[in-house]
Amino acid sequence: MAAYLYPISLAALSGLMIVLERFFPWRPEQKQLRPKLWSDVIHLVFNGHFLGVLLAGLASTWILPHVDRWLGVQGLTDAVYRNAAADWPLWAQIIIALVVVDFIQWCVHNLLHRIPLFWEFHKAHHSVKDEEMDWIVSFRFSWLEVIVYRSVLYLPLVFFGFRWEALMFHAIFGTLIGHLNHANLNLGHGPWRYILNSPRMHIWHHDYEGDANSTVNFGIIFSSWDWIFGTAKMPADPPPHLGFAGVETFPDNFFSQEIWPLERLWPGLHSKVAWSVIGALVMAAAWYLHEPRGARPETPMLGESAAASQPSGVFPPSDAYSASPAEAEAALRRFGDQARADGYAHSEAMVSGSELAKALGAPSLVLLDVRPADRFALGHIPGARRLDRGDYSSGDEVPGLSRTPDELEQLLRDRGVQRGSTVVLYGDGGPEPYRLWWTLRVVADFDTRVLDGGLQSWKAAGHHVAGGDGLEVGSGDVAIDAPAALPIQRWPETSAFISQHPGAKLLDTRSAIEFSGAEQHRKAARAGHIPGAVHLDWVDVLRDTDADHRLRQPSELRELFASRGVADDTPVVTYCQSGTRSSAVYFALVQLGFNADDILNYDGSWAEYSRLDLPVEP
């Protein structure tokens, strides 16, 4: 439904404008069924929907992959793709998106009039002549003008990372104001004229006498910018004439206007038919190029709507997905083949992105996304069900301790896990999937798999993601057979393990500043580390914290642990702040074949130890 929200809104708002202009015209002498209306109808349909699809395809196929590659080489990816607004409440994102985007558009609109080249791009919109100013001309513009707008808006939009709902609200509200601005309606009275744009104000922006220095009223949604910066003008009556010097000879049909100013490159050709044909050919060529040639499989959305932001420049193989649920179910048997081929000791706990893609849609597959709700809504693997840290960890006594087997069983049932389900966990580069994997395995004796590389590897392979809150699922009937003796791994049990395993290594997997005591975690009682611990930042078990979140190859992991004095037969205790980051290192040890009796993940970790009356270092 989300994919059709804007076209439906556009149609509804257009219908509303037709009715309002019919019964409440500002200029009664102006006809609704005017000459060249057909051209503006095509502008409305094409620019209102197909142009966005076309430009998004051209950008994702030919431009953004190179931009993203350059940002990666320069080390600027994190600086640009900050998702600075991702954690804000939706109402705040909507307000900020409206204000920020509209102000940038106001600035760009100024440039479209003051820079000669940009003015040529903008002329098509100002080709509105006398007796033509109505709601539908708001969509009369050249696609080259949109490129200027979108190029300038690209960086702030990806920096803030607004949710699609916030951007959709801006698009729909902006369309409403845009329709009203150009409509043949007498609106713009009262104090609202200082806040929102209006027909009485915007019509003076189309004044025939305006030029690069005297044009006024550049506001798109908000008129405030013009009042603030001295570019506002709002007489009681409309200007005598509309357009610009030379509008009389400007092309008056869709195809010629859409490709303007290419016509300036061949001034000797004056045939309207010829330029209409050239315009049609240019648009056809752009449409042909907006997607890569060859088979491009569509990621099964499983009843969900696609997210607003999708991977670009990389496409899965033609046989990436199964053709039926039965084929997808059969693909579950191949889970772990890649991990086995790579030499991991317990491939049954891993699944690759390509293996998961082939099994997408299998009836017994359950995907659990262990990320916050806002990040889940921005994009998740189709069919995934969301949970977060608080669902499987408790903060009642010590922050982050594992929940009981009964609570974990109810958690799985609430996510629709059935007896016989294959459960796959994933995140977006954090250690949370490993924590849940460890919790279910050790506390509840329930086996799951971790998607190697998480959402990053899924998107890197070109698989698409769904947006929104996910699908509702019914309750499952999974039953957990918990161990007879619960493995309570607090400090007494951890200390006993160290005493019973001479030569055991204690690995502190927090950041270097936490380990050194230079920074105290907000949920820790003290700074420092457990005496005798060796530091190994958990992110070191990943291939690349920016570009590749998969687990390092076994040979690289052995070298990493050897550098900390850990051999294949060394007993190991891992800990962090609350047993989450250390679970990723524990998982790496398991994949190297360490005996389960010789490794322990300290559940209480520093959250508990820092509260005990025990020595700390440094």
Side-chain angles (χ1 to χ4, degrees), residues 299-304 316 320-322 325 327-340 342 344 346-371 375-376 379-389 391-392 408-409 411-442 444-461 463-466 470-471 473 476 478 480 542 549-551 583-584 587-588 590-591:
T299 305
M301 285 293 119
L302 306 180
E304 296 195 69
Y321 312 109
S322 293
E327 184 182 348
E329 192 71 26
L332 295 173
R333 296 194 292 270
R334 294 189 289 277
F335 275 10
D337 284 357
Q338 184 62 57
R340 191 176 304 109
D342 289 340
Y344 294 107
H346 289 275
S347 57
E348 74 281 358
M350 298 177 70
V351 58
S352 69
S354 59
E355 291 167 346
L356 179 61
K358 196 68 175 178
L360 201 63
S364 67
L365 175 65
V366 175
L367 279 169
L368 296 183
D369 184 313
V370 285
R371 297 180 300 148
R375 300 217 298 267
F376 181 88
H380 57 266
I381 299 175
R385 300 123 194 229
R386 193 194 70 80
L387 51 81
D388 56 32
R389 179 66 190 277
D391 293 321
Y392 57 89
L408 294 172
E409 181 181 85
L411 166 68
L412 295 176
R413 288 184 173 184
D414 289 344
R415 269 63 179 184
V417 178
Q418 308 283 350
R419 299 173 189 267
S421 291
T422 298
V423 180
V424 175
L425 317 174
Y426 78 90
D428 55 6
E432 292 80 9
Y434 301 107
R435 177 56 149 103
L436 182 54
W437 170 85
W438 176 85
T439 300
L440 292 172
R441 181 176 189 257
V442 175
D445 196 23
F446 184 83
D447 289 329
T448 59
R449 296 176 181 270
V450 175
L451 173 60
D452 193 24
L455 189 63
Q456 186 273 338
S457 67
W458 178 265
K459 295 169 72 172
H463 304 299
H464 282 198
V465 292
L471 301 175
V473 296
V478 66
I480 285 180
L542 305 181
H549 297 161
R550 291 179 297 167
L551 200 65
S583 293
F587 185 86
V590 167
Q591 292 303 335

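Nearest heavy atoms, Pro363 versus Pro325: CD-O, 3.8 Å. Across all non-hydrogen atoms, the minimal contact from Ala357 to Tyr321 is O-CD2, 3.5 Å. Nearest heavy atoms, Gly476 versus Gln418: CA-NE2, 3.6 Å. Looking at every heavy atom in both residues, Phe376 comes nearest to Arg386 through CB-CD, 3.5 Å. Contact detail for Gly361 and Ala328: the closest heavy-atom pair is C-CB, 4.0 Å. For the pair Ala444 and Ile480, the tightest heavy-atom approach, listed with the atom from each and the gap, is O-CG2, 3.2 Å.
Side chain of Ser457 to backbone of Asp452: a donor-acceptor contact under 3.5 angstrom is found. The backbone N or O of Leu551 sits less than 3.5 Å from a side-chain atom of Tyr344, completing a donor-acceptor pair. For Arg413 (side chain) and Val478 (main-chain N/O), a donor-acceptor pair under 3.5 Å exists by modelled atom type. Put simply, the side chain of Arg449 gets close to the backbone of Ser347: a donor and an acceptor are under 3.5 Å apart.
Atom CZ of residue Phe335 and atom CG of residue Leu365 lie 5.5 Å apart, to the nearest 0.5 angstrom. Separation of atoms OG (Ser583) and CZ (Arg441) is listed at 11.5 Å; rounding is to 0.5 Å. Atom-to-atom distance recorded for Thr422:OG1 and Asp447:CG is 11.0 Å, nearest 0.5 angstrom. Between the CG atom in Leu367 and the CZ atom in Arg385 there is a gap of 8.0 Å [rounded to 0.5 Å]. Annotation: the span from Arg435 atom CZ to Arg389 atom CZ amounts to 4.5 Å, rounded to 0.5 Å. Expressed to the nearest 0.5 Å, how far CG of Leu360 lies from NE2 of His463 amounts to 9.0 Å.
Among residues two or more places apart in sequence or in another chain, the ring-ring contact (aromatic ring centres under 6.0 Å, His included) test is passed with Phe446 by none. The ring-ring contact (aromatic ring centres under 6.0 Å, His included) check on His549 picks up nothing, with sequence neighbours excluded.
With no hydrogens or angles considered, a side-chain donor-acceptor pair links Ser364 and Glu329 at under 3.5 Å.
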(request) Apply the test side-chain contact (heavy atoms from CB on, under 4.5 Å) to residues Leu455 and Arg371: give CA-CA distance (whole Å), side-chain angles for both, the deciding distance (0.1 Å), then the verdict. (result) CA-CA 11 Å; Leu455 189 63; Arg371 297 180 300 148; 3.5 Å; yes
(message) Would Val366 and Leu412 count as a side-chain contact (heavy atoms from CB on, under 4.5 Å) here? Give the steps.
(response) CA-CA 10 Å; Val366 175; Leu412 295 176; over 6 Å; no
(message) Go through it in stages, so that I can follow the logic: the residues are Asp369 and Tyr426, the test is side-chain contact (heavy atoms from CB on, under 4.5 Å), and I'd like the CA-CA distance, side-chain angles, deciding distance and then a yes or no.
(response) CA-CA 5 Å; Asp369 184 313; Tyr426 78 90; 2.6 Å; yes
(message) Please evaluate residues Val423 and Leu440 with respect to the criterion side-chain contact (heavy atoms from CB on, under 4.5 Å), reporting the C-alpha separation (whole Å), side-chain torsions for both, the decisive distance (0.1 Å), and the verdict.
(response) CA-CA 11 Å; Val423 180; Leu440 292 172; 5.7 Å; no
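Checked for salt-bridge contact, Asp391 and Arg415 meet the test: a charged N lies under 4.0 Å from a carboxylate O.
Annotation: salt bridge (charged side-chain N to carboxylate O under 4.0 Å, His left out) contacts involving residues 346-366, sequence neighbours excluded, comprise Glu327-Lys358.
Between Trp437 and Phe587, the ring-plane angle classifies as perpendicular under the 30° and 60° cut-offs.
By the 4.5 Å heavy-atom criterion applied to side chains, Ile381 and Leu356 are counted as neighbours.
Counting non-hydrogen atoms of neighbouring residues, nucleotides and ligands closer than 6.0 angstrom, the CZ atom of Arg333 reaches no more than 12 such neighbours.
Only one option out of Arg375, His380, Lys459 pairs with Asp428 in a side chain to side chain donor-acceptor pair (under 3.5 Å); it is Arg375.
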